[in-house]
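Reviewing the structure listed below.
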Amino acid sequence: VTLFFFMISTWMDPIVQVCEAVYAGHPVQRMAALAFMLSFYVASPLIAFNVFTAFSIDVYSKVKEQLDSGDEDPVAENLSDLRVTLAERGLVLRTAQSMDGNRSQMYKEIFDEDGDDDDEEEDSE
């Protein structure tokens, strides 16, 4: 739990002082405990930042790929067909995909590394 608090907050000197006091007569163990706490305090934000950076780059590349490709997603294509059909009948329909729909589609593309291979495998079984 202590290391988790180090990770999400800041260096907590009272805890470090207690660990130093526990190993007062043992300089090697004292230095090992301090080195462990210091390394965790330094390494955990670095790891968290690297994971966040990788995720951000992945989101950016998916959004850029989606904007660069001229392909419409199936929902937008169906809505266009519905608009044309209703316009031919003289009815007006204003539709747009919601932000939640856009967000869920982006998450689906980010976390679906294999593309549509999973659907094809299920169909073949």
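Keep in mind the model is a prediction, meaning the values are calculated, not measured.
- Linking ILVMFWY side-chain heavy atoms closer than 4.5 Å, directly or via other members, places Val18 and Leu34 in two distinct hydrophobic clusters.
- Grouping the Ile, Leu, Val, Met, Phe, Trp and Tyr side chains by contacts below 4.5 angstrom, directly or via other members, places Val22 apart from Met37.
- Linking Ile, Leu, Val, Met, Phe, Trp and Tyr residues whenever their side-chain heavy atoms come within less than 4.5 Å leaves Met31 and Tyr23 in two separate clusters.
- Residue pairs satisfying the salt bridge (Lys or Arg N to Asp or Glu O under 4.0 Å) criterion with at least one member in residues 30-52, sequence neighbours excluded, are listed as follows: Glu20-Arg30.
- For Arg89, there are no salt bridge (charged side-chain N to carboxylate O under 4.0 Å, His left out) partners two or more places apart in sequence or in a different chain.
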Scan the side chains in residues 47-54 for donor-acceptor partners under 3.5 Å anywhere in the protein, sequence neighbours excluded, and list what turns up.
residue, atom, partner, partner atom, Å
Asn50, ND2, Leu46, O, 3.3
Thr53, OG1, Phe49, O, 2.7

